[in-house]
Amino acid sequence: MPAFIKTWWFPLCLAALSTGLQLADLRDVWRFDRAAVEGGAWWLLLSGNVVHLNLGHLGMNLLGLAVIVLLVWHHLRTAEWVLCFVVSALAVGIGLYLRDPNLDYYVGLSGALHGLLLAGVILDLADAPVGGGLLLAAIVAKLGWEQWLGAVPGSEWAAGGNVVVNSHLYGALAGAAVGLVLLGWRLARRAHRRP
């Protein structure tokens, strides 16, 4: 298997799944739908993260995924990225369900992407504290902007619809938690190996 595919099979599969669902026009079947979740379709808490409003929204999220791959992908193993994605995506779905009762529908990868990015940045802090610290500060500033002032200017126009900023917060918190657990586990292993 080529090294490229071995290293990046997960983001490639995530991009292919999201693109395939968009082209097949399955957004309404896979989206987070509060009424359907209440009716027992709990998987929509996760699947809403891989469908998008339109091709522009999909393109924005795939660009975000590419940036994550370029900046921090090397810090985690594939299984850790899969774990981080599932935890972040579920945190988005569950968070929106429990904390945003007026939200009936949600689609998009951006909440889970915030989780992936924060997990990678937290591990980046151990290797490159200055660069990781600057990136962490930028992410926290963006999340703060969104919580107090709403969506970043231009993002709703680019996405072709409303940006659910709380999805970014829920995904980021979950990704940060996964990143901190992984960092703690790695530091404990290093300390245990020392004579």
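Everything numeric here is computed off the predicted structure, so don't read it as measured data.
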Which pair of heavy atoms, one from S88 and one from G115, lies closest together, and at what distance?
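Minimum heavy-atom separation between S88 and G115: OG-CA, 3.4 Å.
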Which atom of A158 lies closest to which atom of M60, heavy atoms considered:
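Looking at all heavy atoms of both residues, the shortest contact is CB-SD, 3.3 Å.
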[X] side-chain N/O to [Y] backbone N/O, donor-acceptor pair under 3.5 Å:
X: R34; Y: L103; answer: yes
X: W30; Y: V50; answer: no
X: D104; Y: D33; answer: no
X: D100; Y: N102; answer: no
X: H192; Y: A188; answer: no
X: E146; Y: L143; answer: no
X: T19; Y: A16; answer: no
X: S155; Y: V152; answer: yes
X: Y105; Y: V107; answer: no
X: N49; Y: L46; answer: yes

Assess the side chains of S18 and H52: does a donor N or O sit below 3.5 Å from an acceptor N or O?
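No - no donor-acceptor pair under 3.5 Å links their side chains.
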I'd like to know if the side chain of Q22 pairs up with that of N54 as donor and acceptor (distance under 3.5 Å, no hydrogens or angles considered).
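No, N54 and Q22 have no side-chain donor paired with an acceptor closer than 3.5 Å.
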Hphob cluster co-occupancy, I139 + V72, side-chain heavy atoms under 4.5 angstrom
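Linked, I139 and V72 end up in one cluster.
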Should V121 and L65 be regarded as members of a common hydrophobic cluster, given that ILVMFWY residues are connected when their side-chain heavy atoms come within less than 4.5 Å of each other, either directly or indirectly?
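Yes: a chain of side-chain contacts under 4.5 Å links V121 to L65.
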Under 6.0 Å from the six-membered ring centre of W185 and within 45° of its axis: does the NZ or CZ of R189 meet both?
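Satisfied, under 6.0 Å and within 45°.
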